[in-house]
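Chain identifiers are assigned alphabetically (A, B, ...) following the order of the sequence lines, protein sequences preceding nucleic acid strands; residue numbering begins at 1 within each chain.
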Protein chains: 2
Amino acid sequence: MQKKTFSDIDCAIAQTLEQIGDGWTLLILRNAFHRMRHFDQFQENLGIPTNTLSNRLKKLTDSGILERRACAHDRRAYEYRLTDKGLDLYPIIVTLFQWGERWYSRPNGPRMELKEKATGLPIPEVKVRNQDGNPLSARDVQVIIGPGGGEDATNLVKFQKKTA
Amino acid sequence: MQKKTFSDIDCAIAQTLEQIGDGWTLLILRNAFHRMRHFDQFQENLGIPTNTLSNRLKKLTDSGILERRACAHDRRAYEYRLTDKGLDLYPIIVTLFQWGERWYSRPNGPRMELKEKATGLPIPEVKVRNQDGNPLSARDVQVIIGPGGGEDATNLVKFQKKTA
DNA sequence: TTAATTAGCTTGCATTATGCAAGTCAATTT
DNA sequence: AAATTGACTTGCATAATGCAAGCTAATTAA
């Protein structure tokens, strides 16, 4: 039995999923966006087993999504912080959140609300939009093979044409 | 050993991850957005074990993300199609794709490109934006507890304030 | 009109990964 | 000096995964 790796699927989504395509990993990242930084904080808040947490944090630091740095005030302690690469995951985290709110809402309303710090105005839903800013559905968009597209990409795109 | 369920974490992201927080599941969905519909097509394209595929498709249909319907022309065959709930995952799929392209790009350029069907113009990157359409980073956004927020949400939001 | 082939699965088994509890170890606190 | 804390490891039972093979009804080929 081989370990599954999505890395050899030559598709950007597969690459992403190889790094963060796992429930615990994404919950850790969610907490990191809430400025959580310490091992025991993640453990307590998520109820994740410590060995699993350790593995996930290691993988996230290895892939440059989190950075592990020693704390100045306590030499036992380490901080896990989002790198630029990690911060760049923000749209993914927000879209996961918004879909969950849309389809698994609480009767009283949203569990959390996002506001722009500068103005206090609510953040509109993140959508795929055209250049004019109008929202598009999946069926308003066509996928074409790009210059870096290999066999896997070609297969999928071809596939789409079959039925389009 | 109990099965892990994220459902009891009262957070929209955890709810989402309970349904689609898994690598194979997201790859199946990616393919579904490319209009892939049949068991053997998923199997062949992804190289996923058939029992795993079967489980994932069952879960996705149970949660109303895919719909399993008999085919008219062949009574052995079934089609798995995205429901409205499934189509609504589009921003998640696109953000996963775009992050992968940004951080795991091919030397020649993007593997795929998205264009608006109506105009042929490229789709701009999906970002979190304010009401004026200007992109925001995670640190430009503040999270406040909403009316449906319970203990879990409160803990996380409080947490954020600690360091903010 | 019998014989392949196909679509969509199940089943069995070996191997990994996960969840849980307990333990380690150095650095703080009490 | 003793207790506690932060960040982990280790061991073990259980669950999930990967792989191959088989199964069944429907369709196509000979």
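Look at R75(B) and you won't find any side-chain N or O under 4.0 angstrom from OP1 or OP2 of dG8(C). Considering only side-chain N and O atoms, R68(A) lies under 4.0 angstrom from the phosphate OP1 or OP2 of dC8(D). Dashed line: the shortest gap from a side-chain N or O of W24(A) to OP1 or OP2 of dG19(C) is under 4.0 Å. For dA7(D), the OP1/OP2 oxygens have no side-chain nitrogen or oxygen of S54(A) closer than 4.0 Å. A sub-4.0 Å separation between OP1 or OP2 of dA16(D) and a side-chain N or O of K59(B) is absent. For the pair R56(B) and dT17(D), the criterion of a side-chain N or O lying under 4.0 Å from OP1 or OP2 is met.
The distance between atom CD1 of I48(B) and atom P of dT17(D), rounded to the nearest whole Å, is 9 Å. Rounded to whole Å, atom P of dG8(C) lies 9 Å from atom NE2 of H73(B). Between the CZ atom of F42(B) and the C1' atom of dC9(C) there is a distance of 15 Å, rounded to whole Å. Atoms OH (Y78(B)) and P (dA25(D)) sit 12 Å apart, rounded to a whole Å. Across the protein-nucleic acid pair, H38(B) atom NE2 and dA7(C) atom C1' stand 9 Å apart, rounded to whole Å. Distance CG (N55(B)) to P (dG18(D)): 11 Å, rounded to an integer number of Å. Per the geometry, CD belonging to Q41(A) stands 15 Å off C1' belonging to dC8(D), to the nearest Å. Between the CD atom of Q43(A) and the C1' atom of dC8(D) there is a distance of 11 Å, rounded to whole Å.
For the pair T83(B) and G64(B), the tightest heavy-atom approach, listed with the atom from each and the gap, is OG1-O, 2.6 Å.
Residue-level contact check: F39(A) touches the bases, meaning some heavy atom is under 4.0 Å from a base atom. When heavy atoms are screened at a 4.0 angstrom cut-off, D74(A) is found touching the sugar-phosphate backbone but no base atom.
Taking 4.0 Å as the cut-off between side-chain N and carboxylate O, R106(B) and E101(B) do not count as a salt-bridged pair.
The side chain of D22(A) lies closest to dT18(C) when the candidates are dG18(D), dT18(C), dG8(C).
A donor-acceptor contact under 3.5 angstrom links the side-chain atoms of T50(A) to the base of dT9(D). The base of dG11(D) lies close enough to the side chain of N51(A) for a donor and an acceptor atom to sit less than 3.5 Å apart.
In this structure, K115(A) contributes its side chain and V141(B) its backbone to no donor-acceptor pair below 3.5 Å. The backbone N or O of G148(B) lies less than 3.5 Å from no partner atom in the side chain of N108(A), so there is not a single donor-acceptor pair.
In this structure, R68(A) forms a cation-pi arrangement with Y78(A), its terminal cationic atom sitting closer than 6.0 Å to the ring centre and no more than 45° off the ring axis.
Closest-nucleotide positions on DNA chain D for T5(A) and Y80(A) were compared, and the one nearer the 5' end corresponds to Y80(A).
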